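A quick write-up on the structure given underneath.
All values derive from a computational prediction rather than experimental measurement. Counting begins at 1 with the first residue of the sequence. We count ligands from 1, going down the list as the structure has it; atoms in each ligand are counted the same way.
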Amino acid sequence: MATRSALETQLAVVAGFDNPRADLEQYPTPAGLAAHVVHAADLNGDVEDRVVVDLGTGTGMLALGAALRGPKSVVGVDVDRSALTTAAQNRRRVGTKTPIGWVCADATDAPLCPPDPTTVVMNPPFGAQDGNEHADRAFLATAARVSEVSYSVHNAGSEGFVEAFAADNAGTVTHAFRAPLEIDRQFEFHDADTAAVDAEVYRIEWAAG
Ligand code: SAH
């Protein structure tokens with residue numbers, strides 16, 4: 001298996017959002033964090049020969065990271081068609097031959113029912129914006145429905161919520177780790193150029209998937 005830092009280097013070419021939308025909480029995952037999540041999933045045997053679904057894929061960072069680690073196929077879902085156009089361009093930059101479908105749909109009501117063993121990787125909206133509250137909960141509900149195992153990135157302090165959601169939905173949190181996440185200034189309401197927050201990543205096994 002290639003190293004995590006090799007994966008980070010391969011993902012460095014992935015472009016972010018042209019015009020990020022605050023209402024959709026469009027924050028791109030940095031290549032380092034994406035490599036961290038995908039490498040951990042690969043080490044756990046959750047990528048190779050599986051279908052990998054990236055909910056709220058944006059410009060494809062996590063989907064493309066997974067595509068570089070030998071899955072059967074990858075599906076990236078987002079409501080923003082222009083982000084998916086960038087994701088398709090990023091796919092060419094990354095240069096993977098893995099079959100990838102870009103699906104323009106609401107991830108909380110996604111038309112997905114994969115017939116093969118499926119892993120979800122996602123950095124969903126945190127549900128912090130008006131009109132998008134509890135988005136993280138709705139994305140986890142989709143992960144519970146379509147996958148046997150999911151990896152999700154959350155903002156710091158989500159442990160109680162994630163544990164409780166998993167317990168209520170036939171899920172078990174098997175791993176959790178913290179990773180630094182630098183968010184570049186991209187919206188007017190940010191007053192610093194970058195903000196450092198600790199992201200939390202959870203691996204959840206879903207019984208019902
Ligand atoms: N996962 C990407 C983008 C994270 S930002 C990355 O790792 O870089 C969150 C993404 O969720 C944005 O692309 C936004 O367009 C998308 N999104 C927000 N609400 C959504 C919904 N209901 N259904 C699908 N995608 C959604």
Proximity flag A83 to ligand 1, non-hydrogen atoms under 4.0 Å: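 Not so, A83 does not reach ligand 1.
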Sub-4.0 Å heavy-atom contact, A135 with ligand 1: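 No; A135 lies far enough from ligand 1 that no heavy-atom distance drops under 4.0 Å.
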Out of [options], who is nearest to [atom] when you count heavy atoms only?
{"atom": "atom 1 (N) of ligand 1", "options": "A110, G56, S82, G58", "answer": "G56"}
{"atom": "atom 22 (N) of ligand 1", "options": "V77, D106, T59", "answer": "D106"}
{"atom": "atom 15 (O) of ligand 1", "options": "N123, D78, D80", "answer": "D78"}

Is there a donor in the side chain of [X] and an acceptor in the side chain of [Y], or the other way round, less than 3.5 Å apart?
{"X": "Q26", "Y": "D80", "answer": "yes"}
{"X": "T98", "Y": "T96", "answer": "yes"}
{"X": "Y151", "Y": "N44", "answer": "yes"}

Residue part near ligand 1, for [X], under 4.0 Å between non-hydrogen atoms:
{"X": "F139", "value": "side chain"}
{"X": "A34", "value": "neither"}
{"X": "R21", "value": "neither"}
{"X": "T57", "value": "backbone"}

Can you list the atoms of ligand 1 that are under 4.0 Å from a heavy atom of [X]?
{"X": "P28", "result": "8 (O)"}
{"X": "A107", "result": "21 (C), 23 (N), 24 (C)"}
{"X": "A105", "result": "23 (N), 24 (C)"}
{"X": "E25", "result": "5 (S), 9 (C)"}
{"X": "T29", "result": "6 (C), 7 (O), 8 (O)"}
{"X": "Y27", "result": "3 (C), 4 (C), 5 (S)"}

Nearest-0.5 Å distance that lies between atom CD in E205 and atom OG in S150: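 One finds 10.0 Å between CD of E205 and OG of S150.
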Interatomic spacing from CG in L55 to CG in N123 - rounded to 0.5 Å: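 Taking CG in L55 and CG in N123, the distance rounds to 11.5 Å.
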Parallel, tilted or perpendicular: rings of F177 and H36 (30°, 60°):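 Judged by the thresholds at 30° and 60°, the geometry between H36 and F177 is parallel.
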For V75, side-chain contact (heavy atoms from CB on, under 4.5 Å) partners two or more places apart: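 Checked V75 against side-chain contact (heavy atoms from CB on, under 4.5 Å); matches are V53, V77, V103, L112.
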N/O donor-acceptor pair under 3.5 Å between N90 side chain and A15 backbone: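 Flag set: sc N90 to bb A15 pair under 3.5 Å.
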All ring pair (Phe, Tyr, Trp, His ring centres under 6.0 Å) counterparts of Y202, not counting sequence neighbours: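 Checked Y202 against ring pair (Phe, Tyr, Trp, His ring centres under 6.0 Å); matches are H154.
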Single-linkage hydrophobic cluster V13~L68, side-chain heavy atoms < 4.5 angstrom: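 In one cluster with V13: L68, yes.
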